[in-house]
Amino acid sequence: MDGSAARAAATGTTIAAVASPPGRGLRAVLRLSGPDARRIALESCTGDDGPPRLHARGFEEVRFHDGRGEQPALLLWMPGPRSFTREDVVELHLPGAPSLVACALDRVLALGAVPARPGEFTRRAFLSGRLDLTRAEGVLALVSARSDEERRAATALLFGGLDERMRALRETLDALRALCEASLDFDESETGHVPIDELRAGVRNVHAGLSEALAWEERRFPAPGEPRVVLAGAPNAGKSRLFNRLTGGRALVSVQPGTTRDRVTGTWTLAGTPCRLADTAGTDAAARGPDAEAQAHARAERDAADLELLVVDAVARGVAAPGPAACARIVVWNKTDLAAARPRPPAPLAELPWVAVSAATGAGLASLAEEAVRALGLGGGGTRRAGVARELTVRHKHSLRAALRELSESLAALEGGLSLDLFAESLRAATDHLDCITGRTTPEELLDRIFAQFCLGK
Ligand SMILES: Nc1nc2c(ncn2[C@@H]2O[C@H](COP(=O)(O)OP(=O)(O)OP(=O)(O)O)[C@@H](O)[C@H]2O)c(=O)[nH]1
Ligand SMILES: [Mg+2]
């Protein structure tokens, strides 16, 4: 068990949450972790002939009693310490009807479980030493990944690419510090040997290892590119005319719905930051053939975007409620120069941030830019609403660079006659930077911030 295990607090509570996405589905997963998980399973479920067997060999068919009736369920029993959290874990796979799932959750809470906070299962895995912080971040990055690139970057973390490197380097640093401290106890006249060369060579090795880890991290997640903004909305809403206004581009504009097929990209500069703006085909669920392909391209653009501008025609009737967005979204209430335009969007849209504009006259575009700057966090202060993955890599690189700086400075100081005890101190400081990456000494507020980004049930 490593150092993070030492941080494990005996939580005592048993947490419960629905671990499957909200809404209807074939199955919903209710997850419990903690000392009462077993008792709650025994009290809420029955098997063929009496209580469930809890055999830890895969799914067991049971009936779950939610207090009002019973539901067929599959029960998965994962006793600690071999479970994800190292606590007793129970998963109940239930029919994916939201009302049944809500009843089931109520029932386990009534039996003594407490609602899990977002990311609390993973946090318990981290606190019990099951995962270091970088692997826990891998879980987070994987569930929030929006592109193949982000998925690959997340699995590299989850499989321990950074954790293993940090572990090996930390061990070497510990050994070097021990050598320093042992040398302090003997003076040169007694032993005839202060292993300066050995220390120097060892620290150079760690320095090289850290540089390799930084290069790995840079390869894993290349420097964040420019913010990506996508124009989306129904055919004919005015996306291409707006695109041309914002980028000075020449996308085809026509009264004919379905004009844009291939995505077109250009640069929209916001608060001095060049952003990649993409114009896409108008959303059409009924599209077939090449149009269906254009829809797939548009979807991929939306999935990889940091901000979606949902362009809506202020004259058109029967505006559809928007589906879920993968990123921040602003409603662009367009064509407000026309006499028939309604002044504001109807209910479901007006709940989102919205701006009234005219792509024809340019009215409202300054407000749109302000709103976009805010949504992307470009105005200073705010963090960009870009993928979680980008934020994590910034954290890793910051600590790796700090450790590298510490070692370079201490090597230089050693040449200048730095005492061994001060040298040992600076090795300690470099170790602290590594521990901040893996979570041994990560401040509690930072852990809170990281785990708060998880979704419920993870
Ligand atoms: N009056 C007025 N007309 C506009 C405005 N924006 C777009 N239009 C017109 O609306 C029609 C459709 O505009 P496009 O920009 O091609 O619309 P689109 O959303 O790109 O359409 P698709 O590519 O078919 O999805 C064109 O005739 C535009 O000139 C506006 O703000 N005011
Ligand atoms: Mg268009």
Side-chain angles (χ1 to χ4, degrees), residues 228-270 275-346 348-350 352-372 375:
R228 294 170 72 122
V229 183
V230 64
L231 287 159
N236 231 21
K239 300 177 293 300
S240 299
R241 193 150 179 193
L242 187 61
F243 173 86
N244 292 345
R245 272 273 173 196
L246 299 175
T247 63
R250 293 217 195 149
L252 277 183
V253 171
S254 116
V255 283
Q256 186 74 30
T259 302
T260 306
R261 274 191 176 175
D262 293 334
R263 92 200 108 189
V264 183
T265 63
T267 300
W268 181 26
T269 303
L270 284 169
C275 302
R276 176 185 183 278
L277 183 67
D279 181 23
T280 61
T283 309
D284 176 6
R288 296 279 172 275
D291 288 334
E293 204 167 309
Q295 293 294 312
H297 286 306
R299 218 162 22 244
E301 277 297 332
R302 291 199 296 274
D303 285 347
D306 298 312
L307 172 64
E308 177 185 312
L309 302 182
L310 179 62
V311 184
V312 188
D313 185 337
V315 176
R317 295 283 143 189
V319 174
C327 59
R329 180 189 256 166
I330 300 171
V331 172
V332 183
W333 190 237
N334 189 32
K335 307 196 187 179
T336 53
D337 57 291
L338 294 175
R342 285 170 292 165
R344 48 182 296 127
L349 294 177
L352 298 166
W354 65 272
V355 185
V357 307
S358 163
T361 66
L365 297 188
S367 310
L368 175 60
E370 273 170 31
E371 198 60 50

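Here the structure is a predicted model, which means the values were calculated and not measured. Counting convention: from 1, in listed order, for ligands and their atoms alike.
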Exercise. Below 4.0 angstrom from a heavy atom of K239, which ligand 1 atoms are there? Numbered from 1 as shown, please.
Key: 15 (O), 17 (O), 18 (P), 19 (O), 20 (O), 21 (O), 22 (P), 25 (O)
Quiz item: So is there a nitrogen or oxygen of T280 less than 3.5 Å from a nitrogen or oxygen in ligand 1?
Solution: no
Quiz item: Against heavy atoms of A360, which atoms of ligand 1 measure under 4.0 Å?
Solution: 2 (C), 30 (C), 31 (O), 32 (N)
Practice problem: To the nearest 0.5 angstrom, please state how far the CG atom of L368 sits from the CH2 atom of W268. | Solution: 4.0 Å
Practice problem: Check the pair L277 / V229 against side-chain contact (heavy atoms from CB on, under 4.5 Å), numbers first and verdict last. | Solution: CA-CA 5 Å; L277 183 67; V229 183; 3.6 Å; yes
Exercise. Report yes or no: does T280 contribute a side-chain atom to a donor-acceptor pair with the main-chain N or O of L231 at less than 3.5 Å?
Key: yes
Practice problem: For side-chain contact (heavy atoms from CB on, under 4.5 Å), just list the numbers for D279 and L242, CA-CA rounded to whole Å, side-chain angles, deciding distance to a tenth of an Å, and then say yes or no. | Solution: CA-CA 9 Å; D279 181 23; L242 187 61; over 6 Å; no
Practice problem: Determine yes or no for a side-chain-to-main-chain donor-acceptor pair under 3.5 angstrom, with D306 supplying the side chain and A328 the backbone. | Solution: no
Self-check item: Atom indices of ligand 1, in the order listed, that fall short of 4.0 Å to a heavy atom of S254
Solution: 11 (C), 12 (C), 13 (O), 16 (O), 26 (C), 27 (O)
Quiz item: In terms of residue, atom name and distance, what is the protein heavy atom nearest to atom 27 (O) of ligand 1?
Solution: V255 CG1, 3.3 Å
Self-check item: Ligand-residue contact atoms, ligand 1 with G282, heavy atoms, under 4.0 Å
Solution: 25 (O)
Exercise. Could you tell me the residue and atom name of the protein heavy atom closest to atom 10 (O) of ligand 1, and the distance to it rounded to 0.1 Å?
Key: K335 NZ, 3.1 Å
Self-check item: Polar contact flag for L338 and ligand 1 (N/O pairs, less than 3.5 Å)
Solution: no
Quiz item: Applying a 4.0 Å heavy-atom criterion (strictly less than), which segment of D337 is in contact with ligand 1: side chain, backbone, both, or neither?
Solution: side chain
Quiz item: Going through the checks in order, is the side-chain contact (heavy atoms from CB on, under 4.5 Å) test met by R317 and R342?
Solution: CA-CA 10 Å; R317 295 283 143 189; R342 285 170 292 165; 3.8 Å; yes
Quiz item: Is the shortest side-chain N to carboxylate O distance from K335 to D313 below 4.0 Å?
Solution: yes
Quiz item: Looking only at heavy atoms, is any part of A251 under 4.0 Å from ligand 1, and if so is it the side chain, the backbone, or both, or is it neither?
Solution: neither
Quiz item: Purely on distance, is any nitrogen or oxygen of T336 under 3.5 Å from one on ligand 1?
Solution: no
Self-check item: N/O/S from N236 sitting under 2.8 Å away from the Mg ion (ligand 2)
Solution: no
Quiz item: Is the closest N or O pair between G258 and ligand 1 shorter than 3.5 Å?
Solution: yes
Quiz item: When you look at L307 and L309, which way does the side-chain contact (heavy atoms from CB on, under 4.5 Å) test go after all the steps?
Solution: CA-CA 7 Å; L307 172 64; L309 302 182; 4.1 Å; yes
Exercise. State the atoms of ligand 1, each with its element, that fall below the 4.0 Å cut-off from a heavy-atom position in P257.
Key: 24 (O)
Self-check item: Distance in Å, L352 CG paired with I330 CD1, rounded so as to fall on 0.5 Å steps
Solution: 10.0 Å
Quiz item: Is there side-chain contact between D284 and Q295, with heavy atoms separated by less than 4.5 Å?
Solution: yes
Exercise. Number the atoms of ligand 1 from 1 as they appear, then name those within less than 4.0 Å of a heavy atom of N334, with their elements.
Key: 5 (C), 6 (N), 31 (O)
Quiz item: Is the number of heavy atoms from other residues, nucleotides or ligands under 6.0 Å of D291 CG greater than 12?
Solution: yes
Exercise. Indicate if the distance from the Mg ion (ligand 2) to the nearest N, O or S atom of S254 falls below 2.8 Å.
Key: no
Exercise. Specify the protein heavy atom at minimum distance from atom 17 (O) of ligand 1: its residue, its atom name, and the distance to 0.1 Å.
Key: G238 N, 3.1 Å
Quiz item: Do A359 and ligand 1 have an N or O pair less than 3.5 Å apart?
Solution: yes
Quiz item: Counting distance only, does the side-chain N/O of S358 pair as donor-acceptor with the main-chain N or O of T336 below 3.5 Å?
Solution: no
Quiz item: Which of these, L231, D279, V253, N236, has its nearest heavy atom closest to atom 12 (C) of ligand 1?
Solution: N236
Quiz prompt | Mode of T260 contact toward ligand 1 - side chain, backbone, both, neither (heavy atoms, under 4.0 Å) | solution = both
Quiz item: How close does the nearest protein non-hydrogen atom get to atom 15 (O) of ligand 1, and which residue and atom is it?
Solution: R241 N, 2.8 Å
Quiz item: When you check the gap from the basic side-chain N to the acidic O, do R261 and E293 get nearer than 4.0 Å?
Solution: no
